[in-house]
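See below for the structure under consideration.
Every number for a ligand or one of its atoms is a count from 1 in the order of the listing.
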Amino acid sequence: MRDQYNQPDAMLCRYSIHLRSFLLLTRAENLSNAVIMNASAMLFTINKAAEAVHHNHTGFAVWCKHNIKSTSIVFPEISWVEPAFGFGKMERYKIIKEVGNGTFGSVWRALNKQTGEVVAIKKMKKKYYSWEECINLREVKSLRKMNHPNIVKLKEVIREHDILYFVFEYMECNLYQLMKDRPKLFSEAELKNWCFQVFQGLAYMHQRGFFHRDLKPENLLVSKDTIKIADFGLAREINSQPPYTEYVSTRWYRAPEVLLQSPNYGAAVDMWAMGAIMAELFTLRPLFPGSSEADEIYKICSVIGTPTESNWSEGLELAAVINYQFPQVTGVDLSALIPSAGEDAIDLIQSLCSWDPCKRPTAAEALQHPFFQSCFYVPPSLRSKAALFKTPPSAGIKAPLEPKTGRRYSGTLPNVKSGTLPAMKSTSNFSIKSSAPSYAGVQRKLEMNLQDEQKYLKSTVRQQPKYRPPVKNVGVSNQMGRTRGVSDAAEKLSNMTIGPGKSLLKPQPPQARPPPMKAGGWHGQSDLFLGRAQEMLPARNISRKVAG
Ligand SMILES: Nc1ncnc2c1ncn2[C@@H]1O[C@H](COP(=O)(O)OP(=O)(O)OP(=O)(O)O)[C@@H](O)[C@H]1O
């Protein structure tokens with residue numbers, strides 16, 4: 001089959017698509033050179049395929065021969081193959097300006113010249129020499145299956161001159177940008193509305209069998225009252241086969257089971273991240289700003305206390321496997337740490353940040369938490385109408401998201417009509433207490449250019465030749481704070497012990513709150529005890545940009 005089409009001027013692509021959509025398109029686009037085949041490699045003509053559609057068979061693979069300069073696949077309704085006619089699809093867009101630069105790509109604001117629509121185009125840094133490669137990307141595989149108002153929409157994928165572009169709906173800014181220069185805290189209503197929406201997006205995603213694995217404020221995009229989850233570069237299918245050996249999530253939001261090398265973590269890692277993000281939204285400071293993986297665990301222990309046999313026996317086993325000894329600390333009162341958060345908020349953050357992933361609420365359960373009692377779900381179909389009334393997108397009739405899931409919180413359904421404003425507590429913006437550091441003081445991103453970074457990487461490699469990035473992945477730290485490989489992490493964590501059972505980690509007194517971070521980073525007290533793990537990282541690498 002492949003050979004038949006393997007001609008120098010042609011390219012063969014395989015697409016698993018919804019057959020009905022494909023047929024509609026073949027008619028509309030007169031794609032006569034497409035052939036369709038099913039799992040047993042039987043060829044179908046378009047007519048035969050029409051029969052299959054009639055009998056409601058879907059999920060065929062489409063092999064298409066086409067002369068390619070550029071091709072595109074359009075989501076979410078139709079996945080299709082468009083032969084290029086000598087000019088590039090990118091010509092349809094006018095690039096306006098760069099709005100983001102991540103590990104895998106730079107993101108540009110652009111204008112669709114035909115429709116006038118403003119979009120965000122992510123230009124991938126890596127080159128892609130075939131469509132097959134692109135189609136297998138996590139970002140494509142997961143996003144194309146998702147259609148939810150709180151998940152950023154992937155509109156189109158374009159490959160031109162071996163460069164891959166993702167065309168997304170455009171969002172005004174990310175949550176980190178909103179936090180960093182803020183002179184005063186967010187109102188509870190504001191952050192509640194955001195969290196409620198993110199949990200809705202997560203409930204949808206988890207229900208569909210995906211988890212994100214890299215939730216952080218930079219990946220939550222905001223436009224007016226709406227917030228959407230973005231960057232599915234690390235998303236995984238829940239049913240995919242562990243062990244997961246790749247790097248996962250930015251350190252400050254990384255769940256303890258990931259830090260401790262669990263081979264089979266799941267959707268609960270997103271819930272941990274949300275606990276950390278929620279706390280950060282209240283205080284405008286990261287809850288667990290670890291300067292290395294070891295320090296990350298230390299920071300977590302100093303806030304929620306050392307795990308015990310009774311609250312996370314699996315965690316103790318995981319630690320034993322990698323020869324890691326937890327520092328013995330008692331933790332602190334979260335309400336003292338997050339003074340602007342009410343009882344319900346503290347309760348939710350506490351349960352999200354449980355050591356044991358099984359004890360964290362699911363996204364659907366979080367939505368039922370009393371903290372969200374005043375938030376109401378608006379079905380997507382009503383959202384545009386609700387917007388007319390300037391209603392936050394989460395407001396409206398509360399609908400059960402996962403009826404099968406047992407409810408952890410027995411919240412009552414408020415009796416409100418759709419489109420009415422939620423009865424949120426009218427909380428005015430809190431003003432930051434003088435002791436509360438400004439977010440601007442936290443240097444989340446290294447203020448160093450690529451050259452500096454490369455210099456640092458080189459010196460790190462010199463100092464720690466053992467810490468090699470995993471072969472398959474980006475692995476080493478990079479501009480947006482991606483983590484090293486998990487196997488790397490194991491190495492680092494185990495480097496903290498001398499011989500079996502002898503840890504360099506000495507028990508530390510509980511540290512109520514790390515002092516405010518200054519530009520250039522901050523050394524936590526715990527770092528003094530981390531020996532080599534600490535030596536690795538220059539002070540400035542405590543910023544979120546550095547993975548570890
Ligand atoms: N749809 C969008 N609309 C507006 N800005 C966006 C959009 N998508 C991404 N951005 C901006 O670009 C930044 C980087 O995007 P993204 O996280 O997708 O790239 P990445 O290379 O995967 O980054 P990371 O290093 O976090 O993995 C985001 O933090 C955001 O500020």
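Considering backbone and side-chain atoms alike, Asn101 places every N or O at 3.5 Å or more from each N or O of ligand 1. Between Val152 and ligand 1, not a single N/O pair is under 3.5 Å apart. At least one N or O atom of Asp231, backbone or side chain, sits closer than 3.5 Å to an N or O atom of ligand 1. Between Met171 and ligand 1, an N or O atom pair is found at a separation short of 3.5 Å. At least one N or O atom of Glu218 sits closer than 3.5 Å to an N or O atom of ligand 1.
One finds no salt bridge joining Glu218 and Lys180 here, because no Lys/Arg side-chain nitrogen approaches an Asp/Glu carboxylate oxygen to under 4.0 Å.
Heavy-atom proximity to Gly105, at under 4.0 Å, picks out these atoms of ligand 1: 21 (O). The Lys216 neighbourhood of ligand 1 comprises atoms 26 (O), with distances under 4.0 Å to a heavy atom of that residue. Listed by number with element, the atoms of ligand 1 under 4.0 angstrom from any heavy atom of Glu169 are 1 (N), 2 (C), 3 (N). Using a 4.0 Å cut-off to heavy atoms of Gly100, the atoms of ligand 1 that qualify are 12 (O), 13 (C). Atom numbering of ligand 1 starts at 1 in the shown order; those under 4.0 Å from a heavy atom of Asn219 are 17 (O), 26 (O). Close contacts between ligand 1 and Phe168 involve ligand atoms 1 (N) [criterion: under 4.0 Å to a heavy atom].
No part of Arg109 comes within 4.0 Å of ligand 1, judged by heavy-atom distances. Contacts with ligand 1 closer than 4.0 Å are made by no heavy atom of Ala230, backbone or side chain.
For Lys224, the NZ atom counts as loosely surrounded, since its 6.0 Å shell holds 12 or fewer non-hydrogen atoms of other residues, nucleotides or ligands.
Between Lys125 and Asn101, the side chains place a donor N or O and an acceptor N or O closer than 3.5 Å (distance only, hydrogens not considered). Using modelled atom types and a 3.5 Å distance limit, the side chains of Glu280 and Tyr176 yield no donor-acceptor pair.
None of Val198, Leu221, Val222 except one satisfies the side chain to side chain contact (heavy atoms under 4.5 Å, CB included) rule with Leu175; the exception is Val222.
One finds the SG atom of Cys301 at 9.5 Å from the CZ atom of Phe288 (value rounded to the nearest 0.5 Å).
Inter-residue side-chain proximity for Glu169 and Lys228 is flagged as met; some heavy-atom pair is nearer than 4.5 Å. Using a 4.5 Å heavy-atom cutoff, the side chains of Glu117 and Leu111 are not in contact.
Trp108 and Tyr170 have their aromatic ring centers separated by at least 6.0 angstrom.
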